[in-house]
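Numbers for residues simply follow the sequence, beginning at 1. Bear in mind that the values here come from a model prediction, so they are computed numbers and not experimental data.
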Amino acid sequence: MTDQAQTLRNLVMKRERERAAQIPETAPQRTAKLITVSSGKGGVGKSNFTLNFALALQSMGKRVLVFDADIGMANIDVLMGISAKYNLYHLLRGEKRIDEIIERGPGYLSFIAGGSGMADLFSLSQSDLDYFTAQIESIASEMDFIIFDTGAGLSKANFNFIQSADECLIVTTPEPTSITDAYALIKVVSGQEQDTSFRLIVNRAGDEKEAVQTADKIMMAAQRFLNVQISMLGYISDDNHVVQAVKKQVPFSTAFPNCMAARDVQRIAQHYLLVPASREPGASTGIKGFMQKWLRRTK
């Protein structure tokens, strides 16, 4: 670990200790922060980032649940080489409780496989929806972060997740089509929900200069044409170890913990905990508030 990374890590841990010391004994029940990870197009490494970002947060003592919300293309379990025995479908049909469908990945990371279950959310009865919300809320009280890995692109389901969560992390690459699609996603979402908080991650960057130039194109366009402030959370180097890890079906931060990409994700997680979003949303309303907003937009 470089001196700069170690210094940043020490600052993060100090900040967390200070926050913990300020929490009174009668502190209210934990409310997990709800994060969506999205992209304007597929193939930019969104799910891979979600997985390794979650592992990095967990390595810093945070309790994290990854929720595969990619309707029709769920693959978080594939990236970990795990065949999930149960998924969201079994919860929605009342066959299993929430604690029974949570799988454990590398580092004992908690995740819920999506399977075909996400599509079934659109056709549930009110009583089934109430049960689902209560089950998710019960586990949310035990987490610091719930990260929803959404699908790529401009589908209505993705909009609903992004607009209902506390914050959206958008993954892009330096490719012109990826930049254009990321901006298009921000444009459409912000046109319907001005309070949405976005941060950018540039994946497969040749170097820091290319990453900053890529982010600047999106941030400047968003500011000029949409009046939306977006910040860059960080970048991930174009590292061949990532491809090797995908083939092995092991997170690259686990298979190659000292590779450039792994160090970059660790830095992103440290930055995320230390530096608040440029436009912090109001206090999280928790899973219940999230579900109410999500379902209201779905109807």
For this session: Determine, step by step, whether Arg199 and Ile230 satisfy the side chain to side chain contact (heavy atoms under 4.5 Å, CB included) criterion, reporting the C-alpha distance in whole Å, the side-chain angles of both residues, the deciding distance to 0.1 Å, and the verdict.
Result: CA-CA 6 Å; Arg199 283 201 262 188; Ile230 302 174; 5.6 Å; no
For this session: Apply side-chain hydrogen bond (donor to acceptor under 3.5 Å, both in side chains) to Ser190 and Thr196, showing your working.
Result: CA-CA 7 Å; Ser190 62; Thr196 302; over 6 Å; no
For this session: Given side chain to side chain contact (heavy atoms under 4.5 Å, CB included), test Leu57 with Ile147 step by step and report yes or no.
Result: CA-CA 11 Å; Leu57 289 175; Ile147 305 178; 4.2 Å; yes
Problem set entry | Test side chain to side chain contact (heavy atoms under 4.5 Å, CB included) applied to Leu91 and Lys96, step by step | CA-CA 5 Å; Leu91 174 66; Lys96 296 293 177 181; 5.6 Å; no
For this session: Please report the C-alpha distance between Ser155 and Asn158 in whole Å, then the side-chain angles of each, then the deciding distance to 0.1 Å, and finally whether the side-chain hydrogen bond (donor to acceptor under 3.5 Å, both in side chains) criterion is met.
Result: CA-CA 5 Å; Ser155 72; Asn158 291 347; 3.3 Å; yes
For this session: Quick one: do Phe53 and Phe145 satisfy side chain to side chain contact (heavy atoms under 4.5 Å, CB included)? Show the steps, please.
Result: CA-CA 11 Å; Phe53 178 61; Phe145 299 100; over 6 Å; no
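Ring geometry for Tyr86 versus His90: interplanar angle over 60°, hence perpendicular rather than tilted (30 to 60°). Phe148 and Phe67 have tilted rings, their planes meeting at an angle from 30° to 60° on a 0 to 90° scale.
Separation of atoms CD1 (Ile236) and CE (Met260) is listed at 11.5 Å; rounding is to 0.5 Å. Note: Tyr235 OH to Thr172 OG1 = 16.0 Å, rounded to the nearest 0.5 Å. Note that CE of Met232 is 8.5 Å distant from CG of Asp216, once rounded to the nearest 0.5 Å. Here CD of Glu208 is found 12.0 Å from CD of Glu210. Values are rounded to the nearest 0.5 Å. Interatomic distance, Leu169 CG to Ile201 CD1, rounded to the nearest 0.5 Å: 4.5 Å. Going from atom CD of Gln163 over to atom OG1 of Thr36 covers 10.0 Å, rounded to the nearest 0.5 Å.
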Just list the side-chain donor-acceptor pairs under 3.5 Å for residues 247-257, sequence neighbours left out, or say none.
from, atom 1, to, atom 2, distance (Å)
Gln249, NE2, Val78, O, 2.9
Ser253, OG, Asn52, OD1, 2.6

Atom pairs and distances, side-chain donor-acceptor, residues 102-113, under 3.5 Å, sequence neighbours left out:
from, atom 1, to, atom 2, distance (Å)
Glu103, OE2, Lys85, N, 3.0
Arg104, NH1, Ser110, OG, 2.2

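Between Phe225 and Tyr183, the ring center distance fails the sub-6.0 Å criterion.
Of the candidates Asn203, Asn75, Asp149, Val242, Val242 is the only one forming a side chain to side chain contact (heavy atoms under 4.5 Å, CB included) with Asn48.
The shortest side-chain heavy-atom distance between Phe49 and Val44 does not fall under the 4.5 Å cut-off.
Closest approach of Gln229 and Gln223 over heavy atoms only: NE2-OE1, 2.6 Å. Residue Thr150 comes nearest to Lys46 through the heavy atom pair O-NZ, 2.5 Å, listed as atom of the first residue, atom of the second, then distance. The two residues Gln266 and Ala56 make their nearest non-hydrogen contact at OE1-CB, 3.7 Å. Across Ala211 and Ala205, no two heavy atoms sit closer than the pair CB-CB, 3.8 Å. Looking at every heavy atom in both residues, Leu51 comes nearest to Ile76 through CB-CD1, 4.4 Å. In terms of heavy-atom proximity, Ser38 sits nearest to Cys168 at OG-SG, 3.9 Å.
Summarising the local packing, CD of Glu95 is surrounded by more than 12 heavy atoms from other residues, nucleotides or ligands at distances under 6.0 Å.
Judged purely by atom type and a 3.5 angstrom limit, Ser178 has no side-chain atom pairing as donor or acceptor with the backbone of Glu175. Side-chain N or O atoms of Ser164 include one that pairs as donor or acceptor with a backbone N or O of Asn160 at under 3.5 Å. Asp264 places a side-chain N or O within donor-acceptor distance of the main-chain N or O of Ser237, the cut-off being under 3.5 Å.
For the pair Arg97 and Asp99, the salt-bridge criterion is met [side-chain N within less than 4.0 Å of a carboxylate O]. Salt-bridge check for Lys33 with Asp144: failed, with every basic side-chain N at 4.0 Å or more from each acidic carboxylate O.
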